[in-house]
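So you know, we letter chains A, B, ... as the sequences are listed, proteins then strands, and number each from 1.
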Amino acid sequence: MKSIILKTASNYLLPLLLLFSLFILLRGHYLPGGGFVGGLIASIAFVLHAFANGLQTTKHLLRIHPGFLMPIGLSVAFLAGISPMFLSGLPFMTGIWFPEPISVVGMIGSALFFDIGVYLVVIGISLTIIFTITESK
Amino acid sequence: MMAQIVFLPIIVQLLLAISLLFSWKWIKWQKIISNVGSVLSLVIAIWLFSTTWTEGTLTVQAGNWQAPFGISFVSDTFAATLVLLTAISGMAVSFFSVGTIMPARLKFGFLPIFHFLLLGLNGAFLTGDIFNLYVWFEIIIISSFVLITLGGEKTQIEGAIKYFTLNIFASVIFLTAIAVLYGLTGSLNMADLALKVAEIQNRGLVEVTAILFLIGFGIKAALFPLYFWLPASYHTPPPAVSAIFGGLLTKVGVYALIRVFTLIFVGDVFLGNIILVLAGLTLFSGALGALTQNNISKVFSYLIICHIGYMILGLGMYTEMAITGVVFYLIHDIIAKTNLFMIGGLIYRITGTYSMRDSGGLYAKYPLISLLIIIPFFSLVGVPPLSGFWAKLTLISESFKSGNYWLIAAILFATFITLFVIARIWAEVFWKESKPLPKLQNFRYFEKLKLEKKILIVGPIVFLTLISLYIGFGAEYIQRLATRVANELMDNQQYIQAVLGVNTTN
């Protein structure tokens, strides 16, 4: 799509949307939001960028193939799941938390890392699907 | 913290799948990881099984949320046995697929998805929460859908559409049934459900819910009026995929039926009679279907349906002896069916065709392999003392005791047809003079393969045949195992007490 307005806007929207997706990701533990929605918003940011600037530019911007985010995200979630088994001998998926909240981010615990894993997997999958469809037409 | 090992079969498969995804581009590494990992998961399954055997039912709560609220993972003898069988067939198929699957399929992630499938199977066997069971079913369906379409041949897509539509439909029915059950009881934990369903006054509603479960699982297990997706799709993917599908996928449906109808909906005579009729018709129609086919792989697909009938039949009779027979048959059948489809693949590799009429002369060419193949064939039919015999003996004597003579007729009919079909395959493929077939282009015939590949193809068949022989000749041990499983299943208080940790007998 060749539109100067979209092109200019998408350059500003990309960081904004990514920031917003991080916000959604972080508030997800107690409020509506979380890794899945955050991941979708982040992938929308890249899809919009790809619409305005062409697929190659976005791919160049991403540096790695989005499909590679899937195993990374899965392993982050997996490590978050098994960490209580090794750290405190509690069952798989038990939430373990740092006692003190950290400013801006809030409480940090294994649930947050699990959500980050989901976030990465969702970005990876949706971008892989959309990029593949765009390439094959 | 011994109970933590209940998670291990799930964790190992997940770890394998993730590491296989990381080595997406390095097929050689994928093969090594898959093979080593499946041996490892077999070791873990044996560990879980022996711990469950010595220490009784193990329960662990995921996320450390207490029982009726969190998701329980339960390893009773039944679940541990099935995890062990999954690991055994999974290992055989892992080696077999390294030997037979084409590089093009491996390149598009055959092995990671295969391990995701095993992950789903292990999860489905170990979970003690009915909604979680649904989630594992979804994992199984999605990965099996990828496996069945991978390669993108026209027949594959055609089979996959039928397979996917009906299985998703089954999932929707299953989900509806869960929703109704949740509305009735306010719980999803299976042990808790067992207590709460027993107290419901409105039995009609409970019966309807039970029938919804029967239909949902019945489609997945390929019961009589609902099996049409199976013969339409199981012959289309490569034999390694058919092997794991034939050996384990329909058995998950059978497992879920047994679990739900021995734990939650207990002692309903009307439902038992429905199940008996369905079992008889499944035996009958599966056997007739197998008779009419010429394609070896399709014959095997119909035999799966036919033999599901045996297991459901015992569930319908619902006595401890009958359930013993069912469990024994399940153990025998998982190994035998996995082996059967791999044998189908081997025959295809040697002759280049699945058609019985066109092939022939296998015995003259490969006498040793033919002798190897006849063992699983005979144990499938149930020639004593091989593995199929003992389970059928229990089932027949139990039908005799309960006075259901027509069931004996159905069992014997299905057995004779199986014998006839197997004898026909033997006569056509092995004994008949070989016909001059047009040589296929770009087809790697068995005789042209390297020795290493030949071992990878024949080795798993030998392995599963040995297991089959053990089930037959060590029937005493398997019978003891099956008796213990049946005892645990019939007395559902044991399960409830293990999960909820309370004495419920008042």
| Got M70(A) and I18(B) here, is their nearest side-chain heavy-atom distance under 4.5 Å? | no
| message | Do F22(B) and S75(A) have side chains that approach each other closer than 4.5 Å (heavy atoms only, starting at C-beta)? | response | yes
| message | Counting only non-hydrogen atoms closer than 4.5 Å, does L74(A) touch chain B with its backbone (N, CA, C, O), its side chain (CB onward), both, or neither? | response | both
Atom [atom1] of [X] with >12 non-hydrogen neighbours under 6.0 angstrom:
X	atom1	value
K7(A)	NZ	no
I64(A)	CD1	yes
W97(A)	CH2	yes

Could you tell me the separation between the [atom1] atom of [X] and the [atom2] atom of [Y], rounded to the nearest 0.5 Å?
X	Y	atom1	atom2	answer
I96(A)	N64(B)	CD1	CG	11.5 Å
I11(B)	F78(A)	CD1	CZ	5.5 Å
L90(A)	Q4(B)	CG	CD	7.5 Å
K25(B)	H65(A)	NZ	NE2	8.0 Å

| Those residues of residues 106-141 of chain B, ordered by number, that approach chain A below 4.5 Å (heavy atom to heavy atom) | F116(B)
| Are there residues of residues 37-58 of chain B that reach to under 4.5 Å of chain A by heavy atoms, and which ones? | none
| field | Residue, of I71(B), V6(B), L15(B), L20(B), that accumulates the most heavy atom pairs under 4.5 Å with chain A | value | L15(B)
| field | Neighbours of chain B found in residues 20-28 of chain A - heavy atoms under 4.5 Å | value | none
| message | Taking 4.5 Å as the heavy-atom cut-off, does anything in residues 111-123 of chain A contact chain B, and if so which residues? | response | none
| field | Exercise: identify the closest heavy-atom pair between G63(B) and P91(A) | value | N-CB, 4.5 Å
| task | Take the angle between the ring planes of F7(B) and F92(A) and call it parallel below 30°, perpendicular above 60°, tilted in between. | result | tilted
